[in-house]
Amino acid sequence: MENQYYPYVNLPLPYPYHAMEPWIDEKTMMLHHDRHLQTYVDNLNRVLEGQPELQRLSLEQLIRCGPDLPESVRDGVRNNAGGVYNHRFYFKLLQNPAEEGPVGKLGQAIQRDFGSGLRFREQFKKAALSVFGSGYAWLVLDRGRLKIVTMPNQSCPLEMGMAPVLTVDVWEHAYYLKHYNVRAAYLDDWFRVVSWEQAEQNFLAGMLP
Ligand code: MN
């Protein structure tokens with residue numbers, strides 16, 4: 001991913017806003033990227049203004065160091081570095097049409113750790129539905145095993161030393177215009193546009209020592 005350092009810019013999506021239709025609508029994609037993600041980018045730059053030591057850290061390093069940062073910037077970094085990283089990660093995992101998955105090495109690991117692709121999907125959906133308020137459900141690698149975790153707001157599994165593989169944004173702004181308050185319907189539609197290829201790349205990167 002490019003632009004890993006301050007000053008951060010809101011890179012364009014790698015596909016048109018309407019690319020995920022009819023599963024995720026064009027207006028949602030546009031507002032999500034151009035307004036919500038843009039705000040995190042702007043706020044992150046603002047938090048890092050006048051902080052040359054923090055400016056030298058990459059986006060991932062900022063998140064990993066989050067708990068050790070001075071209190072004056074800790075929340076600002078967690079919310080906004082997380083907001084930038086998590087959204088980039090989410091958008092990059094969308095593809096339409098998407099292949100049936102999971103396949104390949106990630107498919108094998110999902111079978112090993114969840115029993116089957118179907119059981120994984122059920123558990124992932126249940127986890128995503130269980131997020132109270134705003135947050136994300138994540139598939140992560142934790143010490144070589146796959147695990148489903150949920151995180152509130154813009155917290156990120158990198159903070160806890162886990163490698164992210166797949167995520168779904170369940171903030172209402174990710175689905176409200178099309179799916180209203182029916183998060184389950186959004187999740188079913190989101191599963192139609194998961195880039196399993198990208199998820200496998202994330203998985204293989206996470207397996208590296
Ligand atoms: Mn979002």
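Note that ligands are numbered from 1 as they come in the structure, with each ligand's atoms numbered from 1 the same way. This structure is a prediction, so every number in the text was calculated from the model and none was measured.
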### Task
Quick one: do F124 and W190 satisfy ring-ring contact (aromatic ring centres under 6.0 Å, His included)? Show the steps, please.
CA-CA 12 Å; F124 194 79; W190 170 81; 5.7 Å; yes
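- Between N202 and L166, every side-chain heavy-atom pair lies at or beyond the 4.5 Å cut-off.
- Looking only at N/O/S atoms, D169 comes nearest to the Mn ion (ligand 1) through OD2.
- Under the 3.5 Å distance criterion, with hydrogens and angles disregarded, no donor-acceptor pair is assigned to the side chains of E49 and N45.
- The distance from the CG atom of L146 to the CD atom of Q111 is 12.0 Å, given to the nearest 0.5 Å.
- Taking the Mn ion (ligand 1) as reference, the nearest N/O/S atom within H32 carries the name NE2.
- The Mn ion (ligand 1) has no N, O or S atom of H36 closer than 2.8 Å.
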